[in-house]
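Structure first, then comments.
Chain letters run A, B, ... following the sequence lines, proteins first, then strands; residues in each count from 1.
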Amino acid sequence: MAINRLIFDKIEQLSVPPKVKNLLKRVLEIEEQLEISGTKKDHFRNYDHILDSFAKDDEIITFCNEHDRSQE
Amino acid sequence: MTDHKNKLAISHVTLKNFRAYAGQIEFDLSLDPQKTITIIHGEMGLGKTTILDSIYWCLYGKERSKKGDMATEEGIVNTNVLEDLQIGGKNETSVEILLHDEEGVRYKIKRTIQFSKDVDSVDRVSNKSIGGTVPSGITFLALIEFHYLHPQGGSSDWQIFTKPDKVHDEIEKIFPEVLSSYFLFDAELLNEFFYTEADEHVKNGIEKISGLPILDDARDHLKNTARQIERLVADKEVSTKPLADDMEKMESAINEYKEQREQTNLRLEEIKQEKKAIQEYLRQHDDLEINNLQNQMDSLEETLVQLTSANKQNTERIEEFLLYYTPRMLLRNTLSITESKFQEWEKQGKIPLAVSKIALQNILNSNPPTCICGTILDEGTPNREKIDSLMSRVVDSSLIQHITVGRSLLSNVLSTTEFVKLGKELAEIKASRGQFNKLHSEKKSARDAIQKKLNNHDLEEVQNKTKVLHSLEQEEIRLYGDRKTFEERIDFGENELRTLKRKFDAMTGKSNKYQSEQNKARMARALSSILEQCRKELVDQLRILTAEKTTKYFLNLVSKKSDFSKVEIRSNYQTLALDNNEKIKSLSAGQSCCLALSYIAAIREIANRDYFMIIDSPLHNISQEERVEIAQSLPRFIPGTQITLLVQDQEYTGHAQKKITGQEIPSVRDTLLKNKSVWREYLLEASKNKNDAVSNTSIREVKGDETI
Amino acid sequence: MSTETSKKLTVDWPDLVSYDLSNDRIASYYSDREGVTRKRGSIFYDKRLLDVFLVAMAIGKQKGYRTKLEKKSRSMPTNALREEEIWLMTSIALAEENSDLDILTKPEEIVKICEEYANTGINTLITLDYNTSLSDPLQPYEKFFEDTLQEISST
């Protein structure tokens with residue numbers, strides 16, 4: 001089903017770079033598509049694919065690395 | 001591509017050969033924003049619920065709820081139609097619905113099962129698309145059509161989709177199946193609220209319908225993606241494989257501890273609520289106060305025992321008085337007559353003077369000297385002189401002595417039974433008894449009042465609850481301990497995981513060969529972590545939001561709204577109505593129905609779906625009075641939303657009388673017709689076969705002034 | 001109140017005082033096993049049958065007529081009478097219209113007179129007892145006493 005706007009509103013409120021917000025929304029959209037189409041086995045492929053497309057974005061990578069390290 | 005619409009209503013439904021309906025039936029539903037209610041009613045078993053099921057089937061291609069084993073189910077195709085099919089013959093079962101949004105007709109969905117008979121066969125086979133068993137000689141073909149009219153398009157610009165997957169996607173966008181029970185539902189769901197089994201449903205509603213499962217899935221899939229990337233790297237870099245395995249095991253263990261911690265938290269929350277309730281009870285039934293009351297009670301009981309004993313003595317006094325004085329009082333005149341006779345006999349000389357020497361001496365020795373008749377015998381008085389003279393003459397004899405004693409006794413009786421004296425003495429004793437009685441009555445009243453207070457307190461219950469409280473506190477301490485342990489293990493696990501990851505990263509980072517994979521894995525973990533944080537915040541937010549919206553609808557729908565302040569949804573998804581003191585109020589069946597409907601309306605609002613609502617037997621299990629109250633409130637409940645009620649005759653047209661006053665309670669029909677909120681009424685009617693069994697159901701519109 | 005043990009006059013009194021055994025109602029009332037002296041709530045509960053007799057006798061005397069006994073019960077021992085009570089009975093006999101001093105030498109006559117007066121008065125006692133309630137057992141007797149007191153004192 002369609003992602004409730006509350007989730008998107010929440011993402012907008014996060015203190016993360018806009019690119020990360022967009023990436024999060026993109027991830028959720030993929031999830032929604034996969035759910036509708038019922039092709040659950042494609043999750044890794046789809047996620048891997050989108051991560052690939054952002055893997056060269058320095059801003060995103062730096063943020064995620066920092067975030068990952070801050071969780072440690 | 002279709003766009004998701006916020007407001008949709010069904011304008012027309014056509015059923016053909018679907019379950020109880022042989023042949024075609026069709027009916028319209030209200031598009032009138034003022035008169036939003038359509039009624040379809042009929043006796044039980046005629047196919048009311050089938051209408052709900054048919055719409056569901058049309059949307060999703062499956063049955064709403066399978067109650068039995070498919071092997072015994074007849075399926076959706078009307079059995080008479082199947083049985084009447086000749087070899088080479090064809091027919092079809094279909095359901096078509098037409099949907100409107102604010103701008104006009106928007107969708108047409110038609111689902112069809114075509115069937116043809118090839119051979120006669122007595123064998124039966126299961127058929128999934130039919131949802132039951134069918135004769136094996138019949139072939140079935142499932143078809144679906146999804147028609148969409150673009151808002152900017154003309155009447156001929158319908159887009160039509162017939163591929164099942166495509167249609168499924170389109171329908172899922174508009175009517176997600178997970179949402180279906182918020183526009184197509186029945187009394188069973190409403191009953192869950194009455195029996196407080198709704199927690200799971202509320203949880204599902206809040207989390208799933210509001211989209212959280214997508215967030216959960218995304219979070220988990222991202223984590224899995226990170227793990228898989230690392231696994232792939234480990235597969236390539238054999239030396240890292242054990243590390244990757246360990247990381248996977250550690251993550252699994254951490255997740256398990258997190259789950260246990262979550263369960264512990266839920267139980268702690270429950271304990272908190274239970275403790276609160278008990279503490280409130282104990283506050284109202286203070287131990288100290290009970291003991292004080294008990295002491296007062298004991299003191300009063302003791303006083304009453306003493307008073308009863310004293311009263312008994314009083315009673316004995318009266319008894320003695322009556323027993324002694326009654327005959328003497330009655331014989332007083334007789335005694336006087338007897339004494340007169342003795343005096344006369346004395347004069348006649350028949351008896352010597354009623355004196356003895358000793359008696360005379362005693363008289364003279366008394367101070368002052370007083371005769372037995374009471375005359376004072378002072379020196380020099382004539383009577384004294386007579387006595388003095390007698391002293392020298394009197395002769396004792398036993399008879400005379402006895403007569404003397406007798407007369408003395410009788411004289412004594414006379415003197416003690418003076419009427420005024422008797423009356424006064426009795427009155428005094430009775431007054432004393434009266435005082436005792438009054439005091440006894442006062443003390444008894446005081447004791448009864450305290451007993452009543454004590455009864456309200458129920459010391460045993462206080463003791464029980466104190467025990468339960470103690471037990472809960474013990475459990476709470478234990479659970480805090482458990483939670484601490486889980487957190488320590490989670491911390492430890494996460495530290496270990498980080499260490500393993502560092503090692504893994506170090507091993508894979510030795511060359512830039514896996515830099516990209518590392519970045520992706522980190523990205524995936526970071527995004528997963530952010531989504532987790534989002535989820536935590538959203539859950540509470542959504543729960544509160546749902547409670548607020550449910551409150552809004554509830555206070556609009558329930559009849560005695562002044563009894564309630566709000567609806568609360570707890571962290572364990574227990575949904576409760578609170579009174580004006582914010583205490584949990586137990587609900588009647590009708591009020592629970594209102595709560596359920598309000599929750600449904602709230603979820604629809606949050607999900608931003610003001611769609612049609614079709615409810616099967618919503619008023620089935622509640623009293624007539626409450627049915628009417630809900631019927632009165634229904635039109636303003638969700639203004640402008642299309643509501644279709646599938647109701648049984650008794651539910652809809654039944655009357656009742658108030659038990660105490662005998663006042664007539666109108667029917668739901670009369671109430672709805674009176675407030676002019678019903679757009680149209682339909683009646684399901686049965687036709688019977690030669691064996692008097694129901695062979696088919698038909699539907700017809702009920703005229704406005706028709707009595708049914 | 002005199003509680004002395006009885007001293008009879010110079011001649012022996014009859015051993016026993018009687019009630020009318022031929023009257024079932026009276027016999028039942030006097031019954032030692034199940035009569036008024038065995039009835040909780042009665043003023044005569046656990047008292048002597050002689051107490052019943054004396055009150056009945058006084059009531060009968062106050063009414064002013066005697067009722068012959070058909071069949072004597074010979075059940076109440078006179079040696080249980082107190083001296084004062086002996087003289088109440090004697091007084092009744094002496095107060096009879098044609099009585100003379102020599103009745104003192106005929107105690108059986110005294111007893112007979114008193115028995116007959118008691119036989120008259122017993123019905124009033126039975127009625128009083130019938131009106132007794134457990135919640136206020138003395139009330140009928142109190143009322144009788146007060147009413148009679150008023151009546152006698154006003155004549």
Side-chain angles (χ1 to χ4, degrees), chain B residues 314-342 344-346 348-351 397-414 416-427 429-430 433 437, chain C residues 1-4 7-11 42-45 47-48 51-63 82-97 99-102 104-105 117 121 125 128 136-139 141-142 144-146 148-150 152-155:
Chain B
N314 243 342
T315 304
E316 282 168 2
R317 266 182 74 197
I318 296 177
E319 203 177 78
E320 260 183 28
F321 177 92
L322 289 172
L323 272 176
Y324 181 79
Y325 282 113
T326 300
R328 286 154 182 79
M329 180 259 300
L330 288 166
L331 292 174
R332 195 166 195 276
N333 286 340
T334 304
L335 300 183
S336 298
I337 292 169
T338 307
E339 176 55 27
S340 302
K341 279 198 169 180
F342 272 124
E344 188 58 38
W345 286 324
E346 271 180 352
Q348 291 167 8
K350 287 186 177 179
I351 52 168
S397 75
S398 61
L399 181 61
I400 294 167
Q401 192 178 5
H402 285 300
I403 290 173
T404 306
V405 168
R407 284 178 76 183
S408 172
L409 286 170
L410 294 178
S411 177
N412 195 42
V413 170
L414 279 169
T416 57
T417 54
E418 281 173 22
F419 294 137
V420 169
K421 196 172 156 216
L422 278 182
K424 204 172 159 193
E425 196 173 327
L426 181 60
I429 300 171
K430 282 176 72 173
R433 182 180 65 181
N437 283 346
Chain C
M1 290 178 242
S2 170
T3 56
E4 298 153 15
K7 289 181 194 169
K8 291 183 196 167
L9 299 178
T10 52
V11 293
S42 166
I43 196 173
F44 295 112
Y45 175 70
K47 301 291 188 291
R48 307 169 302 167
D51 291 311
V52 180
F53 175 84
L54 288 168
V55 175
M57 170 191 83
I59 293 173
K61 177 63 186 169
Q62 206 265 335
K63 280 181 178 297
R82 300 181 192 109
E83 192 168 9
E84 192 183 274
E85 290 163 347
I86 296 264
W87 273 100
L88 290 176
M89 290 171 72
T90 307
S91 170
I92 287 173
L94 283 169
E96 289 295 279
E97 201 168 318
S99 248
D100 207 346
L101 257 181
D102 63 351
L104 295 176
T105 61
Y117 275 121
L125 264 190
L128 283 176
D136 195 356
L138 298 182
Q139 192 270 344
Y141 302 101
E142 284 175 37
F144 174 78
F145 186 93
E146 283 163 345
T148 310
L149 183 63
Q150 192 173 11
I152 295 173
S153 61
S154 62
T155 52

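- Of the listed residues C:Ala93, C:Ser99, C:Pro137, the one with more heavy-atom pairs under 4.5 angstrom with chain B than any other is C:Ser99.
- To the nearest 0.5 angstrom, C:Gln62 atom CD is 14.0 Å from B:Arg332 atom CZ.
- Chain B forms the most heavy-atom pairs under 4.5 Å with one residue out of C:Leu88, C:Leu101, C:Ile152, C:Leu138, and that residue is C:Leu101.
- At least one side-chain heavy atom of B:Leu331 sits under 4.5 Å from a side-chain heavy atom of C:Met57.
- The two residues C:Ala58 and B:Pro327 come nearest to each other via the heavy atoms CB-CA, 3.4 Å.
- The structure places CG of B:Leu409 at 8.5 Å from CH2 of C:Trp87, a figure rounded to the nearest 0.5 Å.
- C:Leu104 places a side-chain heavy atom less than 4.5 Å from the side chain of B:Ile403.
- Of the listed residues (B:Asn412, B:Leu323, B:Val420, B:Thr416), the one with the most heavy-atom contacts under 4.5 Å to chain C is B:Leu323.
- Contact check on B:Arg433 versus C:Glu142 returns a salt bridge, with a Lys/Arg side-chain nitrogen under 4.0 Å from an Asp/Glu carboxylate oxygen.
- Atom OH of B:Tyr324 and atom CD of C:Glu84 lie 3.5 Å apart (nearest 0.5 Å).
- Per-residue counts of heavy-atom pairs under 4.5 Å with chain B were compared for C:Thr148, C:Val55, C:Leu54, C:Asp100; the largest is that of C:Asp100.
- One distance of note links CE of B:Met329 with OG of C:Ser153; it measures 9.0 Å at 0.5 Å rounding.
- In this structure, chain C has a heavy atom under 4.5 Å from the side chain of B:Ile337, while its backbone stays farther away.
- Between B:Lys341 and C:Glu96 no salt bridge is recorded (no basic side-chain N to carboxylate O distance below 4.0 Å).
- Looking only at heavy-atom pairs under 4.5 Å with chain C, the residue among B:Leu335, B:Val413, B:Ile318, B:Leu330 that has the most is B:Leu330.
- For C:Gln150, the CD atom is loosely surrounded, since the number of other residues' heavy atoms within 6.0 Å does not exceed 12.
- Expressed to the nearest 0.5 Å, how far OG1 of B:Thr326 lies from CZ of C:Phe145 amounts to 5.5 Å.
- If you take CD on B:Glu319 and OG on C:Ser42, they are separated by 8.0 Å, rounding to the nearest 0.5 Å.
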